[in-house]
Structure formats: structure tokens, C-alpha cells
Amino acid sequence: MDIVCTPEELSLFKTIGDAAAALNVSCYLIGGFVRDKILGRPTKDVDIVCTGDGIELAHAVAATFPHKPHVSFFKTFGTAQFRLHGLDVEFVGARKESYSSDSRKPHVEPGTIEDDQLRRDFTINALAISLNSINYGKLIDPFDGIADLERKIIRTPLDPDTTFSDDPLRMMRAIRFSTQLGFEITPDVFQSICRNKGRLKIVSQERVTDELNKIMAAARPSVGLDLLFRSGLLREFFPQMADLSGVEIVEGKGHKDNFYHTLQVIDNTAAKSDNLWLRWAALLHDIGKPATKKFEDGHGWTFHGHEVVGERMTPRIFKQLKLPQNEKMKYVAKLVALHLRPISLTKEDITDSAMRRLLFDAGEELEDLMILCESDITSKNRMKVKRYLENFELVKQRLKEVEENDKIRNWQPPISGEDIMQLFGLSPSREVGVLKTTIREAILDGLIPNDRDAAYELLLSKAKELNLKPVNQ
Ligand code: ATP
Ligand code: MG
């Protein structure tokens with residue numbers, strides 16, 4: 001098996017082999033590093049397993065370098081790790097594992113390399129390469145992982161029911177690897193995931209969401225999301241998304257399947273941007289549809305207000321999935337709320353003030369909103385998509401023109417609430433809000449130009465209506 005390593009990697013492996021020999025233990029490269037090197041994927045995580053104490057070996061290896069790298073270790077897990085030449089090098093002692101039914105934390109005892117390979121999740125992750133002088137570089141592949149890499153399949157070393165029941169996170173990992181690598185999960189393994197989906201509840205939400213985010217970060221997230229849905233795993237932790245699925249028919253009229261539409265929108269977005277949170281906005285853009293669905297006589301299916309419902313659902317979903325409760329969440333909610341706005345501007349007779357309002361409301365998020373909105377144009381009818389996209393280009397053009405003229409994006413009205421309070425000797429109050437809004441709306445509607453003098457004049461006349469007088473004048 002030919003794998004390509006850098007000179008630094010080769011010298012590190014030699015050092016590790018020598019240090020292991022001095023300690024009288026055997027050691028091997030294992031897992032993701034071997035898999036990715038064989039596949040020719042970039043990898044910076046080096047996993048080393050040794051028949052003995054991994055922490056001791058890590059220290060012995062680190063000590064051989066002039067700038068001795070700092071070794072962090074976890075006694076309870078028997079693992080140790082250091083960074084060297086941009087590589088993350090992790091050591092663990094070979095182990096044998098047994099599980100009880102209520103936890104994914106195994107009972108662990110020292111074992112052989114074969115025991116250690118048996119505890120690995122998939123055949124393609126159980127490949128080992130010897131670093132010992134007697135068979136340096138030899139591939140140890142007890143489960144035919146190489147053949148599976150060639151056939152591009154994901155299979156477990158043990159009976160899949162055992163593998164998944166022992167540690168149900170592996171079900172998420174199977175789907176994540178399938179999405180990242182473009183590999184197929186064998187039918188018996190997939191059926192086992194369907195059977196064991198209920199076991200996911202013993203896994204912490206953080207770990208599940210980590211895997212979900214790796215799926216979302218892949219080139220085509222739809223692959224994994226579809227597998228999550230079809231296996232039933234998605235409904236276990238994210239029922240709101242599973243609820244998007246299905247088509248109801250009344251009086252011969254159906255609506256589109258919002259689940260598969262959403263997957264298409266995510267893939268379209270992913271093709272244009274690596275931003276994980278923009279992809280999340282794509283995932284959630286129609287999440288309010290099931291709750292707002294109505295069949296209106298003579299009209300067909302409607303989802304009025306689904307963008308508002310979706311915006312409100314976003315924080316709850318972020319909490320449930322243990323996603324960050326910070327500005328990322330606000331960004332996603334904002335895009336969900338605004339996702340229909342750009343497309344509504346493709347109608348004829350759209351005024352500059354409608355354009356200005358979108359520029360103002362979207363602010364810094366305008367480009368991302370436009371990516372989301374363009375990705376949302378999906379239809380089986382190619383001509384329709386073409387026409388929509390052409391109209392959409394016109395909207396982009398007009399937005400650009402209005403923006404250049406008015407400089408409205410990230411814009412603050414020329415007179416602030418502070419200014420108003422000072423001018424009229426007011427403390428924060430309803431009046432200040434009314435005056436502020438009057439100025440902002442007048443500028444956005446194009447009633448007055450975007451400058452201080454015009455705003456000041458309007459402010460004075462509105463204040464008069466409210467019986468307010470400037471102080472010190
Ligand atoms: P990536 O780094 O891209 O996530 P990886 O395969 O390296 O992929 P890690 O989580 O880094 O995954 O784990 C390293 C190795 O440890 C895996 O290749 C696999 O052999 C083993 N492993 C990790 N998690 C599990 C698990 N839950 N069950 C069994 N083996 C596991
Ligand atoms: Mg890894």
C-alpha cells in the first residue's frame with residue numbers, strides 16, 4: 001500500500017518506533033490518519049496505539065525533540081497528546097472494551113492490537129500500520145478495510161447491532177463519514193441503524209450536534225440529512241425538521257415536499273458558501289411551514305407567516321440542539337425572517353423605497369441573504385427557474401444602484417436618539433421613539449433626502465405637533 005507522507009511525518013514515525021522499542025512495547029498508526037492517507041485526503045491528526053502505556057510513550061517521544069513539545073494527558077482515558085510541526089499526535093494504549101446497556105462509556109482493560117482494532121467503529125477506521133522494526137510499514141487489516149475503501153463502503157467490524165447498541169454515536173458517525181467521503185453504508189448496516197435509532201438517547205446532544213455540523217459542513221449536506229431522515233435518527237433529536245416531510249393533497253392539489261426542498265436549498269447554499277451558519281439558515285428557512293400550512297378554497301396551499309414562525313422557532317431549536325446561543329443564532333433567525341423579502345422584489349413596479357427598506361433591514365447580512373434567497377429558487381420546471389433567476393439578477397442590480405445612490409446599508413439616520421434627547425431635554429421615552437421613527441421612515445420612503453438639514457427640519461415640525469420645544473433656544 002502506497003501512502004505519501006512528509007519528511008517530518010516519516011521522521012516522527014521512526015522516532016515513535018524507536019521510543020516504543022526502548023520501552024519494549026509495539027506501536028502502530030491507526031484510524032483516521034491511515035484511512036485518510038490511503039484515500040489521499042489531507043490529515044493533520046496522527047493516532048498512535050501501543051501495547052502498553054500510551055502516556056508513557058508520548059512522554060518518551062516528546063523528550064527526544066530539542067524543543068520538547070508539551071504533552072497533555074488524561075489519566076482516566078489513558079490518552080496523551082502533543083502538537084508537532086502542525087500535527088496533532090495522539091497516543092493511546094491498546095485496549096479491550098465491554099459495554100453495559102445504559103451508557104456509552106465502556107469498561108476498559110489493556111488488550112492486544114487485535115482487541116483494539118475490534119473496538120473501532122468501521123472497517124475503514126480499523127486499519128493499522130506497524131511502526132515496529134520487525135515489520136515497519138506493514139498494514140494490519142483484519143476486517144478487509146482496504147477492500148472497503150476501494151469499494152467505497154461503510155461497514156462495521158462486528159455485528160452492527162452490537163457496534164451501534166454499544167455506542168450509538170457510531171450511527172451518527174456512519175452517516176457523517178458516508179456524507180464526507182461519498183461512501184455507501186451497506187444495507188445491513190443501514191437497517192441496523194434503523195433498528196437501533198432509539199439508542200441515540202443515551203448520547204449527549206453535544207456529540208450528536210458535532211456530527212450534524214460535520215454533515216452540514218460537507219460539500220453536499222443533503223446526503224447525510226436524507227440518511228438521517230430515512231433511518232429515523234433525525235426524528236429522534238430534531239423532530240421539527242422531520243416534520244417538514246410529506247405532501248398533502250386536497251382537491252387534487254398538492255404542495256411541494258418541504259423536506260426535500262429544504263435539502264436542495266442547503267446544497268445550493270453549500271455550493272456557494274462555506275459559512276456553516278448560512279447553511280443553518282437554509283436548513284431552517286421553511287421550518288415554520290408545517291405550523292402555518294392551510295388549504296384555502298379556490299387558492300390552494302398557503303404558508304402565511306411561516307418566516308415569522310420560523311424566526312421564533314430558531315432560538316428554541318438552537319437550545320434543543322445545544323447550538324451556540326449567541327450572535328450566530330441571531331444571524332440565523334434574522335435570515336429566516338427575511339428570506340422571502342428579496343424574491344418579493346422581483347415583481348414589477350417595485351419602488352426605490354422597498355429596495356431601501358431591504359438594504360436597511362438586511363444591513364451587513366445582505367450578501368448572505370441574497371445567497372439564501374437565490375438558493376431557495378428550486379423547481380422541477382427548468383424554464384421557471386431560469387426566469388426567476390433572471391428576475392433575481394435584476395433585483396440585485398437595482399439593490400446595487402439604490403445602495404450606491406443612498407448609502408443606506410449599515411446606515412444610521414443623521415439624527416440619533418441621543419441628539420433628540422439633548423435637543424428637547426428629554427429622557428428616554430415614547431416621544432424620543434416617535435421622533436426617531438419619523439425621521440427614519442421619511443428617509444427610507446424617500447420623502448426627505450438622507451441628510452442632517454432635512455432631518456432637522458422634519459424633526460422640528462414633528463416636535464411641534466407633539467408640543468415639544470428645543471431647550472436653550
Ligand atoms: P475525523 O478526525 O475526520 O473525525 P477519525 O476517523 O479520525 O475522523 P476520530 O474521532 O478522530 O475520527 O477518531 C479516531 C479513530 O478512533 C477513528 O478512526 C476510529 O478508529 C476510532 N473511533 C473514534 N470514535 C469512535 C467510536 N465512537 N467508536 C469506535 N471507534 C471510534
Ligand atoms: Mg481524527
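Whatever order the structure lists ligands and atoms in, that order sets their numbers, starting from 1. What you are looking at is a predicted structure, and each value in this text was computed from that prediction instead of being measured. Note: hydrogens, waters and symmetry copies are ignored here, and every other heavy atom, side chains too, is used.
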Does Leu169 come within less than 4.0 Å of ligand 1, judged by its heavy atoms?
no
Out of the candidates Asn326, Thr314, Asn275, only one should pair with Tyr331 under the side chain to side chain donor-acceptor pair (under 3.5 Å) rule; please name it.
Asn275
Nearest neighbour of atom 3 (O) of ligand 1 from the list Arg170, Gln117, Arg176, on a heavy-atom basis:
Arg176
A student comparing Asp121, Val34, Ile30 should find that the heavy atom closest to atom 31 (C) of ligand 1 comes from Asp121
Indicate the ring-plane relationship of Phe164 and Phe122, choosing parallel, tilted or perpendicular according to the 30° and 60° boundaries.
tilted
Just to verify, which of Arg199, Arg170, Arg195 counts as forming a salt bridge (Lys or Arg N to Asp or Glu O under 4.0 Å) with Asp161?
Arg195
Using a strict cut-off of 4.0 Å, indicate which atoms of ligand 1 neighbour a heavy atom of Lys214.
4 (O)
Between Phe303 and Lys289, is there a cation-pi geometry (under 6.0 Å to ring centre, at most 45° from the normal)?
yes
Examine the proximity of ligand 1 to Phe33 and report which part, side chain or backbone, both or neither, has a heavy atom under 4.0 Å away.
neither
May I ask you to check whether Asn125 has an N/O atom sitting below 3.5 Å from an N/O atom of ligand 1?
yes
List the atom of Ile140, the atom of Tyr28, and the distance in Å for their closest heavy-atom pair.
CD1-CE2, 3.3 Å
Can you confirm, on distance only, whether ligand 1 has an N/O atom lying under 3.5 Å from any N/O atom belonging to Asp47?
no
Which is closest to atom 25 (C) of ligand 1 in terms of heavy atoms, Arg120, Arg173, Glu90, Arg207?
Arg173
